[in-house]
Amino acid sequence: MRKKIVAGNWKMNLTVSEGVELIEELKKEISSGIKADELIVFPPFVHLTSIVDKAQNHILVGAQNCHQEEKGAFTGEISAHMLAASNIGHVLIGHSERRAYFNETNELLAKKVDAALNSSLTVVYCCGETLPEREENRHFEIIQAQLTEGLFHLTAEQMANVVIAYEPVWAIGTGKTASADQAQEVHAFIRQLVNDAYSTVIAQGISILYGGSCNPSNANELFSKPDVDGGLIGGASLKATDFTQIANAY
Ligand code: PGA
């Protein structure tokens, strides 16, 4: 079912005690309710078990990455199976920083998506073009390839556990947000791709989030667009008040 989702990607920020403090503040901020249907946080791996304990039912918790294999000799890696066994419900797959700095290809991401869904995690699959790709007017083609190669091998049933995040790389951490019209244009394109690959029911049911310098002053305009179901928030998710304002920007 299509939901209004606001998710916070903490990236490689905060110590475990700072993370716990942030969750406590967030719980206070949202105690009188929020307009989003779901609030998810994606802290670094070492935070996950303490955040899951503190967050309880108010806030959903996800990991920022997982390995494609269930277990084995992969020093430094964490499997989807391990996350699920630790009561983690979500995982980010294909964030542009993973694609750019860790050479994650659509082919590899397809395997990670499979591993996550096989462990009953909900996948937040990220896509988005770089600045040169947008300037060359290749953004639709790039996004289509990211979705076709990384996601559209899934069955219709599996797609029910997938959320898509559109994050133009040129807007991430730069303070340059896509305009609400630019976001809407791409979100409508993504929904049409899902419609063509699956069905209208699945396309209408999937949540598509916008990410890239989303903050309390622009979230309202972005979320007012018909195909923008929420946001994947980086910098502004590290402040409980800002993140809560975004969760209420509907
Ligand atoms: P930002 O990051 O909000 O800091 O631009 C978004 C993201 O990378 O998920």
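Both ligands and their constituent atoms are indexed starting at 1 by order of listing. This is a predicted model, so every value here is computed, not measured.
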In ligand 1, which numbered atoms sit nearer than 4.0 Å to a non-hydrogen atom of [X]?
X: Gly173; value: 1 (P), 4 (O), 5 (O)
X: Leu232; value: 6 (C), 9 (O)
X: Ala171; value: 5 (O)
X: Lys11; value: 2 (O), 7 (C), 8 (O)
X: His95; value: 7 (C), 8 (O), 9 (O)
X: Gly235; value: 1 (P), 3 (O), 4 (O)
X: Glu167; value: 6 (C), 7 (C), 8 (O), 9 (O)

Glu69/Lys111 salt bridge by N-O under 4.0 Å criterion:
no

Other residues, nucleotides, ligands: >12 heavy atoms within 6.0 Å of Glu221 CD:
no

Is the NZ atom of Lys11 crowded by more than 12 outside heavy atoms at less than 6.0 Å?
yes

Would Tyr198 and Phe152 count as a ring pair (Phe, Tyr, Trp, His ring centres under 6.0 Å) if you check the C-alpha gap in whole Å, the side-chain angles of each, and the deciding distance to 0.1 Å?
CA-CA 9 Å; Tyr198 294 93; Phe152 288 171; 5.7 Å; yes

Which option out of Gly212, Gly234, Ala236 puts a heavy atom nearest to atom 3 (O) of ligand 1?
Gly234

Can a side-chain donor-acceptor contact be found between Tyr210 and Gln184 if the only test is distance below 3.5 angstrom?
no

Kindly say whether Ser179 contributes a backbone atom to a donor-acceptor pair with the side chain of Thr177 at under 3.5 angstrom?
no

Do side-chain atoms of Asn218 reach the backbone of Asn215 as a donor and acceptor pair under 3.5 angstrom?
yes

Heavy atom under 4.0 Å from ligand 1: found in Ile172's side chain, backbone, both, or neither?
both

Short version for Cys126: what comes under 4.0 Å of ligand 1, heavy atoms counted, is neither

